[in-house]
*Asks:* 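Let me begin by handing over the structure; questions about it come next.
As the structure is a computational prediction, the values presented were derived from the model and not from experiment.
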Amino acid sequence: MAGSSLSARALGGLLGEWRDASVPAYQALADRVRLLILDGRIPLDRRLPAERETADRLGLSRTTVTAAYRRLRELGFASSRQGSGTVACLPGSGMANLQIIGDGLLDFSKAALPPTPQLADAARSAAEQLPNWFGHSGFDPIGIPPLREAIADWYRSRGLPTDPEQVMVTIGAQHAIALLARVLVDRGDRVLMEAPSYPHAYEAMLQAGARIVPVSVSNEEGWDDAQLQQAVRASNPALAYLMPDFHNPTGRTMPPEQRERFLVAAQRQGTVVVADETTAELDIDRPETPLPLAAYGPAVLVGSVGKTVWGGVRVGWIRAERPLIRKLVAARASGDLGTPILEQLIVAELLREKWKAVIDGQTAVLRAGRRHLEKALAQRMPDWTVPHVDGGLSVWVGLGAPLSSQLTLAARTQGLLVAAGPRFGVDGAFERFLRVPIGYTADETDRAVDALARAWSGLSRAPMPETGYLAAVV
């Protein structure tokens, strides 16, 4: 049975500016729907809107929409099922093969770092400690005491007094965000979010039934203070989700005085503020290091080691006041039964014994990666606007033209997977931008920039890729 239906209105919002004068309308429409499926913005098994409904909404002839759907079926990105209409899918793959990357493809859709060199020793030490926990049931919904104490110590070292009872350990930051959304957001509630923002945070809020209130973050100015204040007063959001340190994807940091003003405004409206700190310590050369957001006023903090240690260590946490921690623990059982003990022991070992070495090593990787990427883009793509970030994992490159989705599709034919700008917004925004990660090796960066340059120079002539890939953007 097919999944739920996508309305023509929702499809129109996802498409954004999809028309391309260099190709027939049916092909341009099919190409943009393909990208939405590849990026995961149209989930697999989701029923596409009926052809007549789509034609009316987009101001097209039904013949054009029929041809676009036919092309999607020919390429394997849609299938027709009796009684279910046209359903999104991937070519030659079922639901079990969503994450397979084709041979020779370089994946730049993830802003990530290689595993820290300290990880192997920490894993061995944790494995030696594991038998000490065999008397424990192994189902741990709040976090083992050594790790909660280590996380509390970590916050105290950053200037934020914290008790272990204020910490809940989760299965990564995304799990923490989704759990907070489920507990704090009721269907129809407004949620203030940055635009652009982390795609999977958008998804978590929308799944909870939220109505998104966007506030802009730019490469040049960061957060517009007047817009932030106005958005809180006018929309009275139940929750605000921010990334105040090395914002994904722009890399911007919110100044301390702006943090204070925002938290005062949010508290006045009764808005719960959630700060995603997953990249907070990836500081290359920031001139000023603000305290964690909760040091300036009431805020819930989300952290993880997915960006600092390795994405394969699925441990995150929530720092909040005790009553909220209790609510979160009570709500957790319907989704999962706890964080794996061995991974918690690994993270506790790293935080207690090796954290400075971890951070120093990873920021050195980012410093070298930033320098090499800036040089490569300046040589190959001098017309692009490449901001100089002082931390984080990516740069939010200005293309100078609304061609991000077309570039992303063309780059696939050159062996490169990269996330289009609209993946970080809603309703098709950010076609003029491309997120490019800085944590890869010089060789990988050169290959990626070469692929982008080839794709950019031949956008109107690029052949359409015939195979699919569903990218999880991180």
Side-chain angles (χ1 to χ4, degrees), residues 113 116 118 122 143 145-170 172-173 176-177 180 198 222-223 240-248 251-263 266 272-310 313 315-322 324-325 344 346-367 389-393:
L113 284 163
T116 181
Q118 290 76 24
L147 178 54
R148 295 171 73 203
E149 181 62 50
I151 293 170
D153 284 343
W154 176 71
Y155 278 118
R156 290 192 285 263
S157 73
R158 296 175 59 211
L160 178 62
T162 302
D163 294 326
E165 291 76 16
Q166 293 175 280
V167 176
M168 175 185 182
V169 180
T170 62
I177 295 165
L180 285 164
Y198 175 51
W223 294 259
Y241 169 87
L242 304 175
M243 288 175 282
D245 292 277
F246 306 123
H247 168 263
N248 180 9
R252 297 285 304 197
T253 292
M254 182 181 285
E257 59 276 10
Q258 192 173 38
R259 298 177 186 225
E260 292 177 356
R261 289 193 296 270
F262 176 71
L263 289 175
V272 178
V273 177
V274 175
D276 184 339
E277 290 197 321
T278 52
T279 58
E281 287 197 291
L282 297 178
D283 188 338
I284 301 174
D285 47 18
R286 181 168 51 179
E288 174 183 34
T289 302
L291 297 172
L293 190 67
Y296 300 93
V300 178
L301 306 182
V302 171
S304 86
V305 298
K307 301 293 191 181
T308 48
V309 173
W310 183 43
V313 179
V315 173
W317 54 84
I318 298 168
R319 183 206 180 272
E321 296 306 314
R322 291 170 180 81
L324 179 54
I325 293 293
Q344 292 191 66
I346 292 172
V347 176
E349 179 76 12
L350 290 169
L351 284 171
R352 285 197 307 260
E353 305 292 339
K354 302 175 173 66
W355 199 244
K356 185 178 186 304
V358 168
I359 298 303
D360 288 349
Q362 299 293 55
T363 53
V365 171
L366 290 170
R367 184 177 297 108
V389 297
D390 51 21
L393 289 160

*Asks:* Could you tell me if the side chain of Pro287 sits less than 4.5 Å from the side chain of Asp390, heavy atoms only?
*Replies:*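 Side-chain contact under 4.5 Å: yes.
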*Asks:* Between Asp245 and Arg259, does at least one N-O distance fall below 4.0 Å, as a salt bridge requires?
*Replies:*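 Salt bridge between Asp245 and Arg259, a charged N being under 4.0 Å from a carboxylate O: yes.
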*Asks:* How about His247 and Trp223: do any of their side-chain heavy atoms sit closer than 4.5 Å?
*Replies:*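 Yes, their side chains come closer than 4.5 Å.
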*Asks:* What I want to check is whether the side chains of Trp154 and Glu281 have a donor and an acceptor closer together than 3.5 Å.
*Replies:*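 Result is yes, a qualifying pair exists.
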*Asks:* So does Val167 get a backbone contact from the side chain of Arg319, meaning a donor-acceptor N/O pair under 3.5 Å?
*Replies:*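 Not at all, since once roles are kept as given, no pair shorter than 3.5 Å links the two residues.
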*Asks:* Do Ile325 and Met168 make a side-chain contact, defined as non-hydrogen atoms from C-beta onward lying under 4.5 Å apart?
*Replies:*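 When only atoms from C-beta onward are counted, Met168 and Ile325 do touch, with a gap below 4.5 Å.
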*Asks:* Rounded to the nearest 0.5 Å, what separates atom CD1 in Ile346 from atom CG in Leu147?
*Replies:*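 Between Ile346 CD1 and Leu147 CG, I get 11.0 Å after rounding to 0.5 Å.
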*Asks:* Quick one: are Leu291 and Tyr296 in side-chain contact, heavy atoms under 4.5 Å?
*Replies:*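 Yes - at least one pair of side-chain heavy atoms lies under 4.5 Å apart.
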*Asks:* Just checking, is any N or O donor in the side chain of Asp276 or Tyr241 under 3.5 Å from an acceptor N or O on the other one?
*Replies:*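 Asp276 vs Tyr241: donor-acceptor pair found between side chains.
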*Asks:* Heavy atoms only: give me the nearest Leu263-Gly297 pair and the separation to one decimal.
*Replies:*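 Closest heavy-atom pair between Leu263 and Gly297: CD1-N, 3.5 Å.
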*Asks:* Would you call Lys307 and Glu277 a salt bridge, taking side-chain N to carboxylate O under 4.0 Å as the test?
*Replies:*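 Between Glu277 and Lys307 there is no salt bridge, as every charged N stays at least 4.0 Å from the carboxylate O atoms.
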*Asks:* Are side-chain heavy atoms of Pro244 and Thr253 found at a separation under 4.5 Å?
*Replies:*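 No, every pair of side-chain atoms sits at 4.5 Å or beyond.
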*Asks:* If you round to the nearest 0.5 Å, how far is OG1 of Thr162 from CG of Leu301?
*Replies:*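 Between atom CG of Leu301 and atom OG1 of Thr162 there are 7.5 Å.
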*Asks:* So, Thr279 side chain and Phe246 main chain: donor-acceptor pair closer than 3.5 Å or not?
*Replies:*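 Yes; judged by distance alone, with no hydrogens or angles, the pair exists.
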*Asks:* To check you understand the geometry: which heavy-atom pair defines the closest contact between Ser304 and Thr278, and what is its length?
*Replies:*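 Here Ser304 and Thr278 meet closest at OG-CG2, 3.6 Å.
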*Asks:* Taking the cut-offs as 6.0 angstrom to the six-membered ring centre and 45 degrees off its axis, would you call Arg352 and Trp355 a cation-pi pair?
*Replies:*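 Not flagged: Arg352 not positioned over aromatic ring of Trp355.
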*Asks:* Once you round to the nearest 0.5 Å, how far does CG of Leu350 lie from OG1 of Thr116?
*Replies:*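 Nearest 0.5 Å value for the CG-OG1 distance: 7.0 Å.
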*Asks:* How many angstroms lie between CG in Asp360 and NZ in Lys354, if you round to the nearest 0.5 Å?
*Replies:*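 One gets 14.5 Å once the value is rounded to the nearest 0.5 Å.
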*Asks:* Search all heavy atoms of Gln166 against all heavy atoms of Glu321 and return the closest pair with its distance.
*Replies:*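 Of all heavy-atom pairs spanning Gln166 and Glu321, the closest is NE2-OE2, 3.3 Å.
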*Asks:* Could you tell me which non-hydrogen atom of Ala176 sits nearest to which non-hydrogen atom of Thr170, and how far apart they are?
*Replies:*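 Reported closest heavy-atom pair: CB-OG1, 3.7 Å.
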*Asks:* CG of Asp285 to OG1 of Thr363: how many Å apart, nearest 0.5 Å?
*Replies:*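 If we round to the nearest 0.5 Å, Asp285:CG and Thr363:OG1 are 10.0 Å apart.
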*Asks:* Write down the atom of Arg367, the atom of Ile284, and the distance for their closest heavy-atom approach.
*Replies:*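 Arg367 and Ile284 have their closest heavy atoms at NH2-O, 3.0 Å.
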*Asks:* Working note: Val365 + Gln362, criterion side chain to side chain contact (heavy atoms under 4.5 Å, CB included); need CA distance, chi angles, decisive distance, verdict.
*Replies:* CA-CA 5 Å; Val365 171; Gln362 299 293 55; 4.2 Å; yes
*Asks:* Any side-chain heavy atom of Leu180 within less than 4.5 Å of one from Ile318?
*Replies:*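 They are in contact (side-chain heavy atoms under 4.5 Å apart), so the answer is yes.
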*Asks:* Please check: side-chain N/O of Glu349 versus main-chain N/O of Ala122, any donor-acceptor pairing under 3.5 Å?
*Replies:*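 Such a contact is absent between Glu349 side chain and Ala122 backbone.
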*Asks:* Any Lys/Arg nitrogen of Glu149 or Arg156 sitting under 4.0 Å from an Asp/Glu carboxylate oxygen of the other?
*Replies:*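 Looking at Glu149 and Arg156, the cut-off is met.
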*Asks:* Which value, rounded to the nearest 0.5 Å, describes the distance between Leu393 atom CG and Leu113 atom CG?
*Replies:*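 CG of Leu113 is found 5.0 Å from CG of Leu393.
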*Asks:* What closest approach, in Å, do Ala152 and Pro164 show between heavy atoms, and which atom pair accounts for it?
*Replies:*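 Looking at all heavy atoms of both residues, the closest pair is CB-N, 3.9 Å.
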